[in-house]
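Below is one structure; the comments refer to it alone.
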Amino acid sequence: MFDPDLLADPRAVVIFTGAGMSAESGVPTFRDRMTGLWAHTDPMEIATPTAFRRQPQRVWDWHVHLAESIRAARPNAGHLAIADLERRGVKVTVITQNIDSLHQRAGSQNVVELHGNLLRLKSFVDEDAAFAMKRAPVICPVCGGYADPDECDRYADRSDLAAIELRTGPVPHCPCCGALLRPDIVWFGEMLDPEVIEAAWDAVEDCELLIAVGASLEVEPAASLPWRALGRGAQVIEINPTPTGLAEYCHASFAATAVDTLPGLLDLIASGQTIRTPQA
Ligand SMILES: [Zn+2]
């Protein structure tokens, strides 16, 4: 069942990455508590729409702290090896659960961010406030949220929004409609963006090889992606120091880290060589 020839020259590859990929760059897991000032704050209580509605400044400050550790991190050898595979002409789609931009910073061009991106902002859409508006709200042309047409600044555009960063200070507002801005990530209790999920499924439907890296495969739709690839006959490899239930069923499993495994493995794939794996 393991087909090294197919692996050696795959037409399309999906690299699916989870928290383990970023951990090797020193990025904390989103679900883990921080140290220091925020040590007593439970991420599952502060990274929610309800918390932001009640205490926007506190929620903003928590994310600023997280952003600082992400800005200080650097792509590791695994991130760089993935970007290199794409540069060598293989069609690569990175599907990631991480929100830290490390794949893009390493040079990957085609990244599907299942849980969004911490360093990008969007408007906080407050349905209650929209209902309470005196006039029927319009869609803000800059942030895409609900806006009172009388309140909008006609001269503001998307570049004004793009220039605002997740930094220390008061919670910023949309330069057009005045809505509060928030990180463009999926908070606890929120749905994933259907377009992003569709892009991930499309890539999985099209791939000949899927490599799951450092992903615990506990939450949907992430948990189903490798299984879908297996189901349609693609080759599937898992790289995880703590192998998941997938290890038993996929074509090769490496109980190791991304940094230890990806550079060598992806170099073999890109150079069209037969791969020797623990199960081959
Ligand atoms: Zn707006």
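Order of listing sets the numbers, starting from 1, for every ligand and every atom in it. These numbers come from a predicted model, not from an experiment.
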Assess the side chains of E24 and T257: does a donor N or O sit below 3.5 Å from an acceptor N or O? yes
Between T17 and Q97, do the side chains contain an N or O donor and an N or O acceptor separated by less than 3.5 Å? no
State, with a plain yes or no, whether a side-chain heavy atom of V213 is found less than 4.5 Å away from one of N240. no
Examine W187 together with F52 and report whether their ring centres are nearer than 6.0 Å. yes
What protein N/O/S atoms are found closer than 2.8 Å to the Zn ion (ligand 1)? C140 SG, C143 SG, C174 SG, C177 SG
Regarding T41 and E45, is there a side-chain donor-to-acceptor distance under 3.5 Å anywhere? no
Taking the ring centre of each residue, are W38 and H63 less than 6.0 Å apart? no
